[in-house]
Number of protein chains: 2
Amino acid sequence: MSTITSNRPQNGSLVKAFALLEFFSNQKKQWGVRELSRHIGANESTTYRMMATLESLDILYKNPETEKYALGLKLYELGNRVDINASFIHLTHPELERVALEIEETVHLGILRNNKVLMVDKVESSMGLRLDSSVGQMSPIHCTGIGKVLVAFGDNMITSFLKSYDYVRFTEKTIINKADFDKELRKIKKQFYAIDDQEFEQGLICVAVPVFNKKNDLVASLSAAGPSVRFKKDSLLEYVSILTKGANAIQQNIGNYKI
Amino acid sequence: MSTITSNRPQNGSLVKAFALLEFFSNQKKQWGVRELSRHIGANESTTYRMMATLESLDILYKNPETEKYALGLKLYELGNRVDINASFIHLTHPELERVALEIEETVHLGILRNNKVLMVDKVESSMGLRLDSSVGQMSPIHCTGIGKVLVAFGDNMITSFLKSYDYVRFTEKTIINKADFDKELRKIKKQFYAIDDQEFEQGLICVAVPVFNKKNDLVASLSAAGPSVRFKKDSLLEYVSILTKGANAIQQNIGNYKI
DNA sequence: AATCACTGTTTCACATAGTGAAACACTTAA
DNA sequence: TTAAGTGTTTCACTATGTGAAACAGTGATT
């Protein structure tokens, strides 16, 4: 019933197959052939043939006991080989440029990966005194603006991942225990931005806001960072509003992607 | 040229499309339509239509500058929603059962996830004095048999992930610096198994061996763990040979999966 | 035992949907 | 200008996927 507004050639079977896979991805339960064909409003024998094919490719997994289907390992394998930066950055980069132009500080986009913050994109400040951080770098969670935002607005599970020995002291200001960190997270959730005031590196301040997709899943965090000599209390809130504007623009560009 | 030996109904376009995606996943470079169609020996206009469809679904990503294709974000999204345990464990579990029966200790299967060891399956020892660990639990890398095996036989990159503050001391025997750990890894690579002799928990010994897939990618580590009072020097080597036999059997079952 | 309400699977006549050689419209380099 | 490379579109053809219906099981309920 849904119409794709596009003049490009379309391979119908492929569209159907991926619609089926996406249906599976939005469901935690395992489905049988008939049951599923009714739910997605497709012919049962077509659905059966599609699923049989996908199963033989290990894209779908057929539970040997229940004979019901779930997403298969091959899909996991393929998904793991996607170079996220290749496809994600071009959706976000222009907005980073815009924000950097307005704030005149180095702007970062970071995500959570391997229990660390992974910087996926940045735009350097044009000013002389620059922060040298590079894309692909892993940073700790508990003492960076991006890290704190990602934990504050992410799944609750993530907090429990942080063990006591993860709270490494980097500077005098680093938060080094769960109680203080939880308090900080509550504050961040209220004010909708996080500040790292020299908690990771002396003389380095950073403001970060959450970036959501259109489904309101947290996907990344956008931050501006610079030397403490330039960051003043009153400009901070201005930065937050610019970053938030940028995060909203990114939200429009990335659609429903969940990184 | 490859023939699928199966009597189940097959949807040809689907098979072709996933062959194309798999081709992409084995290549780091980005491909153009014609270039690619030649490489996979398919008709160019068919390939074009397929890629156009996959791109509109965001399964493929078209680099706006070069107009070449790579795997897209939607595939990443789908891959992330696969419940690995559902499809992986049933391939490995029977072998764990077999090994546990022979060794009479708790047997674990673990993978690397979020810079920690994630236990994906276990079979409990039938003996009275048991080790209570559960599937889904995250354990540190540097002081567990499974962790050490996974790092020793995995990508070199992984070693560099471990920062100085990751070497947390758990017992007197825990290895707490990179130099000693690197030495340990070299030893493990030579002997093809790792021992954790009370490095994580006092009184707990564990032997682990690598599990490879048919392509010889490291996919997991198989271990037997028990109280130090039961683990003796001469039985250790016997355990190693039983575990290795088990790992080989798993290798046959899991085919080319790369977890 | 017999009916019912479900499954997954197979069949087969039919026409739709995917195919591929060739032409087209570009860009870049010689 | 020519040549060699792109990506894209066209269109006649038939192979390919379709779907209603039948088949073959299973497990409850009567």
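Here is the naming used below: chain letters follow the sequence lines, and residue numbers restart at 1 for every chain.
The CG atom of A:L36 sits 12 Å away from the P atom of C:dT7 (whole-angstrom rounding). One interatomic measurement links the two molecules: CD of A:Q30 to P of C:dT7, which rounds to 16 Å at whole-angstrom precision. Put simply, NZ on A:K62 is 15 Å from P on C:dT7, counting in whole angstrom units. A straight line from CE of B:M51 to C1' of D:dG7 spans 11 Å, rounded to a whole angstrom.
Phosphate proximity of C:dG8 to A:Y48: absent, as no side-chain N or O sits under 4.0 Å from OP1 or OP2. Residue A:R38 has a polar side-chain atom (N or O) positioned under 4.0 Å from OP1 or OP2 of C:dT7.
Remark: A:R38 does not engage A:E44 in a salt bridge, criterion side-chain N to carboxylate O under 4.0 Å. Comment: A:E35 engages A:K29 in a salt bridge, judged by a side-chain N to carboxylate O separation of less than 4.0 angstrom.
With ring centers used as reference points, B:Y69 lies 6.0 Å or more from B:F23.
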Return a single string for nucleotides 17-27 of chain C, one symbol per nucleotide in 5' to 3' order, where B is base contact, S is sugar-phosphate-only contact and - is none, cutoff 4.0 angstrom on heavy atoms. -SBBB------
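Each of A:T46, A:T47, A:N43 was scored for a side chain to side chain contact (heavy atoms under 4.5 Å, CB included) with A:S37, with one residue passing: A:T47.
By the ring pair (Phe, Tyr, Trp, His ring centres under 6.0 Å) test, B:Y239 is found to be paired with B:F231, residues two or more places apart in sequence or in another chain being considered. For B:K215, the salt bridge (charged side-chain N to carboxylate O under 4.0 Å, His left out) test picks out no residue, with sequence neighbours left out.
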